[in-house]
Amino acid sequence: MSELDNLQNADGTEEINENVQPETPQEVTSVTEDNDEVLNEIDDSNAEDAEDEGNVDRHNIEDKDYESLNLEQLVIEMERLVQNEKVQAIKKHVDAIKTEFDKQFQELLNEKKEEFLSTGGNIIDFSFQSPLQRSFKDSYKDYKQRLNGHYKNIEQNHKQNLTNRLEIIDGIKALTEDAEDSMNTKYKKFKELQDQWKVAGPIPRDKYNNAWNSYHFNVERFYDLLHLDRDLRDKDFARNLELKTKIIEQAETLANDENTNRAFRELQNLHKIWKEELGPVSREHREAIWDRFKEATKKINAKRQDYFKNLDTIYEQNLLNKHAIITLINEKANEKISNHGGWQNKIKEIEALREEFFKAGKVPVKVNEATWASFKEAVRNFNRQKNEFYKTLKKDQYDNLEKKQALVKIAEDNKESDDFQATTQLMKKIQGDWKRIGHVPRKDSDKIWKQFKSACNHYFDRIKEQRNAASVEEEEAYTQKETLLAAVKSLELSGEQKTDLATIKEQINSWKTIGRVPRNKRQIESDFNETLDGLFKSLDLNKTETELIKFENKLDQLASGDDSRALDNERFYIQKKVDEIKAEIIQLENNLQFFSNVKSDNPLVKDVHKNITRHKDDLVLWTTKLKKIKGLYS
């Protein structure tokens, strides 16, 4: 039996000699399995679509290179598919996205775990939460729920559709066996049953082949009967020849389509129509039209195979690109870096290379796992070097903590001393030592500073208790400052910024020349500063300039005192503020590593960058203040 006979017998015999028995369903099945590989592929795909009508939409969903997407992009693509496409049509895409997301997230999790352990953490305490992981899990859960709900809804429909199709088969069988109706009446009923078959709906995939074979077996028997009325048969043959010729012409047009995937999908649909909807043609045309259809099919498949061969060439180039990126990561991992800023820059460079790796595209399947393993090892090597640096940095901070704890003990042991001359020198010395010691762990910073400051303040408060009450000069200075404050409050500015600024500075200089006021009346200094704030605000000066003008006034007041403790405390406070801001900047920059796979315009990332910028602006102001107060000690 020829290939033409194979296909036509699977479709419905075109012309059956009355002396030849029709094939059994089992024989029809074996004939179909002998077809070319491409025909089998088309048949298998059509059988899958036949189970669920919406499943055919999977052919229209764009295939993307999910390996080139980062975690955030994978989440977005998953959400888009689940929300916008039929749930039964996206399984291939969802599985590919989940595989890639799990792979990338596991790599990120390993990095965070190594970093946690390298800083002395215990494995049982490790925990890492990601908003991207939560979003992905929610979307995947939504997909599974929708898919389960979909199959529950169609399960009953499948059963009913199968029942309907079996009834149609029984109806065709009855026509063949009925001896009472005329041939014209039988033919009309036969056509009605064929129309019903076309719209009977999807059935379970495992029942598809048996139902289809049984249907065509009985169609063949009816055509065997139809030879008794050649006019009806010839009319049907002619109509089927016309329709199959149109299908062939469409296939030949598709052979010239540059989009090979689209052409193959359209070809699949044409085979479905040929096989499931059209009947036989006369024997003299049978082999010719099948050969012509098969030739168009082979051309389309040949172009498709060429397309995949070209993909292999692209994958090989992608492999070379990825190896180059891996080599560059290894080189950067071996560079010697000795400061936080250098590591922060290197982290950004590695992250850029990671993104470039993911965007480099697919590589040949046979080396995919090996390439991914080499990439992971290169990144891990870099992270080990980075973690070792920050581990050493943390050890230094704990050493500093021990040194400062020793100073706290000295301060507390001497805060009740009555030997003011000797103890004052000791207290000043340990305050200087404190400033020269570097950072301590953030969790201990505030606590230990409060202990040290409390002990020092207690000692200097005892000294102040020994001093006399305010002098007559201080009372006079207070009276003068009251008068000047009232004048400043009623000061009317010209509206010219330069002129008004000079006027305000004159008032500040006048205030400085008056001198100190009694301790219990120093609230007037705050009142004066509040008044200055209002004047500066009306001048629309920037924050830094305003703060420095007021700070210089404050320094003059501190420097003119007879107790250096106030000036020392201010210096300690400013130094501590500078240290805190620097530590906060380092922490924020480290936090950016947790968003390594998130776009720069993500609201969380933008907020971190905004905080870093604000802290750096503050650092400029406080560093300037520190330089000014240090100048008073020289």
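Residue numbers start at 1 and run along the sequence shown.
For Leu132 against Glu72, the heavy-atom pair with the smallest separation is CD2-CA, 3.9 Å. Nearest heavy atoms, Ile300 versus Ala255: CG1-CA, 3.6 Å.
Under a 3.5 Å cut-off, the side chain of Thr99 and the backbone N or O of Asp95 do form a donor-acceptor pair. Side-chain atoms of Ser214 never come within 3.5 Å of backbone atoms of Asn210 as a donor-acceptor pair (strictly under, hydrogens ignored). Lys362 places no side-chain N or O within 3.5 Å of a backbone atom of Ile314 that could act as its donor or acceptor partner. The closest donor-acceptor contact from the side chain of Glu589 to the backbone of Ile586 lies at 3.5 Å or more, if one exists at all. Side chain of Arg165 to main chain of Tyr215: no donor-acceptor pair is present (N/O by atom type, distance under 3.5 Å, no hydrogens or angles). Remark: the backbone N or O of Ile172 is not paired with any side-chain donor or acceptor of Asn218 at under 3.5 angstrom. Between the Arg292 side chain and the Ile248 main chain, no donor and acceptor come within less than 3.5 Å of each other. In this structure, Asn269 contributes its side chain and Arg265 its backbone to no donor-acceptor pair below 3.5 Å.
Counting only heavy atoms from C-beta outward, the side chains of Thr163 and Lys159 never approach each other to under 4.5 Å. Between Lys141 and Gln145, the closest side-chain pair of non-hydrogen atoms falls below 4.5 Å. In this structure the side chain of Val281 never reaches within 4.5 angstrom of the side chain of Trp290, judged on heavy atoms. The side-chain heavy atoms of Leu319 and Pro364, taken from C-beta on, include a pair separated by under 4.5 Å. Looking at Phe190 and Thr176, their side chains never come closer than 4.5 Å, going by heavy atoms from C-beta outward. Using a 4.5 Å cut-off on side-chain heavy atoms (C-beta onward), Thr253 and Asp257 make no contact. Side-chain contact between Leu193 and Leu175: present, with at least one pair of heavy atoms (C-beta onward) separated by less than 4.5 Å. Contact annotation: the side chain of Glu331 approaches that of Thr327 to within less than 4.5 Å [non-hydrogen atoms, C-beta and beyond].
A side-chain contact (heavy atoms from CB on, under 4.5 Å) with Asn301 is found for one member of Lys299, Arg304, Lys298, Lys303 and no other, namely Arg304. Under the side-chain contact (heavy atoms from CB on, under 4.5 Å) rule, Lys616 has a single partner from Ile581, Leu588, Ile585, which is Ile585.
Using bins of under 30°, 30° to 60° and over 60° for the plane-to-plane angle, the ring pair Tyr143/Tyr140 lands in the tilted bin.
Taking the centre and axis of the six-membered ring of Phe382, the NZ or CZ atom of Lys332 falls outside the cone set by 45° and 6.0 Å.
Remark: the Glu349 side chain and the Asn345 side chain contain no N/O donor-acceptor pair separated by less than 3.5 Å. Side chains of Asn321 and Gln317: a donor-acceptor N/O pair is present below 3.5 angstrom, by distance only. Of the N and O atoms on the side chains of Thr297 and His271, at least one donor lies less than 3.5 Å from an acceptor on the other residue. For the 3.5 Å distance criterion, the side chains of Gln344 and Asn590 qualify, holding a donor opposite an acceptor. Glu100 and Gln104 share a side-chain donor-acceptor pair at under 3.5 Å.
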Note to self: Between Glu242 and Arg239, does the salt bridge (Lys or Arg N to Asp or Glu O under 4.0 Å) criterion hold? Intermediate values first, please.
What the structure shows: CA-CA 5 Å; Glu242 179 184 355; Arg239 177 177 175 274; over 6 Å; no
Margin query: Please evaluate residues Phe375 and Trp372 with respect to the criterion ring pair (Phe, Tyr, Trp, His ring centres under 6.0 Å), reporting the C-alpha separation (whole Å), side-chain torsions for both, the decisive distance (0.1 Å), and the verdict.
Written below: CA-CA 5 Å; Phe375 170 70; Trp372 174 249; 5.5 Å; yes
Next item on the list: Given salt bridge (Lys or Arg N to Asp or Glu O under 4.0 Å), test Glu192 with Lys189 step by step and report yes or no.
Entry: CA-CA 5 Å; Glu192 289 174 354; Lys189 290 181 179 180; over 6 Å; no
Note to self: Walk me through whether Asn381 and Glu377 qualify under side chain to side chain donor-acceptor pair (under 3.5 Å).
What the structure shows: CA-CA 6 Å; Asn381 183 34; Glu377 181 56 32; over 6 Å; no
Next item on the list: Any chance you could lay out the salt bridge (Lys or Arg N to Asp or Glu O under 4.0 Å) test for Glu266 and Arg262, step after step, and finish with the verdict?
Entry: CA-CA 6 Å; Glu266 292 296 327; Arg262 179 177 61 202; over 6 Å; no
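The CD atom of Glu584 sits 8.0 Å away from the CG atom of Asn611 when rounded to the nearest 0.5 Å.
Between Arg146 and Asp142 there is a salt bridge, with a side-chain nitrogen of the basic residue lying less than 4.0 Å from a carboxylate oxygen of the acidic one.
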